[in-house]
Amino acid sequence: MGKFVTNGALLTCSFGMAPAPLTVVGMRPMVQNMPMANIMDFAPMANIPAFGMCQSMANPMVASATAAAMGVLTPQPCIPVITGPWAPGGQVKVCQMPALIDNCKCFCAYGGNISVSFPGNAAMATGK
């Protein structure tokens, strides 16, 4: 059992250098006066913004800059490339999709593991 994730929740990426706030768009049920997220809130830049600078060598911009710096890791601006919805999702439905809860993860094509570091509220995800 985790906590519901809402608009403004803080996200982190294992290759990013800064946390970023989740943006929930559209009409949604509210929890503690905040719009609830669901597992489909994974659109790059619309829902999941940049995490500052990227440090992944799988990112072509980082690899190129690092090669130009004679092998010294050279982070480059993060542009998330999200590979799919958040998982596993909660039992409660938000707009016909499983709720996003704070133990869900999604992934960047450059190897980043994106997780919720602060859900944006204190409401526990219970019920079905």
| query | For the atom pair SG (C106) and CG (N113), what is the distance rounded to the nearest 0.5 Å? | reply | 8.5 Å
| request: Return the minimal non-hydrogen interatomic distance between K105 and S115, and the atom names on each side. | output: NZ-CB, 3.4 Å
| M61 CE to S56 OG distance, which is reported to the nearest 0.5 Å | 10.5 Å
| Distance, nearest 0.5 Å, that separates CE of M53 from CD of Q76 | 5.5 Å
| remark: Minimal heavy-atom distance between N103 and P88, with the atoms involved, is O-CD, 4.3 Å
| field | Pairwise salt bridge (Lys or Arg N to Asp or Glu O under 4.0 Å) hits with a residue in residues 55-70, at least two apart | value | none
| said: Could you walk me through whether T66 and M57 satisfy the side chain to side chain contact (heavy atoms under 4.5 Å, CB included) test, starting with their C-alpha distance in whole Å, then the side-chain angles of each, then the deciding distance to 0.1 Å, before giving a yes or no? | reply: CA-CA 8 Å; T66 299; M57 287 297 291; 3.7 Å; yes
| task | Could you walk me through whether N47 and F42 pass the side chain to side chain contact (heavy atoms under 4.5 Å, CB included) test, one step at a time? | result | CA-CA 6 Å; N47 300 120; F42 70 95; 5.6 Å; no
| query | What are the two closest non-hydrogen atoms of T23 and N7, and how far apart are they? | reply | CA-OD1, 3.4 Å
| remark: In short, P44 meets P80 closest at the heavy-atom pair CB-O, 3.4 Å
| field | Short side-chain to backbone donor-acceptor contact, S117 and L10, under 3.5 Å | value | yes
| Minimum heavy-atom distance between N38 and C95, given as atom pair plus value | ND2-CB, 4.2 Å
| Would D41 and R28 satisfy side chain to side chain contact (heavy atoms under 4.5 Å, CB included), going step by step from the backbone distance to the final call? | CA-CA 12 Å; D41 291 320; R28 297 294 178 90; 2.8 Å; yes
| task | Please examine the side chains of N59 and F15, heavy atoms only from C-beta on, and report whether any two atoms are closer than 4.5 Å. | result | no
| query | Roughly how far apart are C13 SG and Y110 OH, rounded to 0.5 Å? | reply | 12.0 Å
| Tell me, do V62 and L73 make a side-chain contact under 4.5 Å, heavy atoms counted? | yes
| Flag side-chain contact, heavy atom, 4.5 Å: M17 against Q55 | yes
| Going by heavy atoms in the side chains, are P75 and C54 under 4.5 Å from each other? | no
| query | If you take all heavy atoms of V94 and A99, which pair is closest and at what distance? | reply | CG2-CB, 3.7 Å
| Spacing of K3 atom NZ and F118 atom CZ [to the nearest 0.5 Å] | 8.0 Å
| Side chains of W86 and I48: closer than 4.5 Å at any heavy-atom pair? | yes
| field | L22 side chain reached by L100 side chain, heavy atoms, under 4.5 Å | value | yes
| field | M45 side, atom CE; C78 side, atom SG - distance, nearest 0.5 Å | value | 7.5 Å
| said: Donor-acceptor pair, distance only, cut-off 3.5 Å: does the side chain of D102 make one with the backbone of F4? | reply: no
| Linked, directly or transitively: F51 and V116 (ILVMFWY side chains, under 4.5 Å) | yes
| Heavy atoms, side chains only, cut-off 4.5 Å: are I114 and I82 in contact? | yes
| Side-chain heavy atoms of Q91 within contact of P98, under 4.5 Å | no
| Linking I/L/V/M/F/W/Y whenever any side-chain heavy atoms sit under 4.5 Å apart, do I39 and V5 land together? | yes
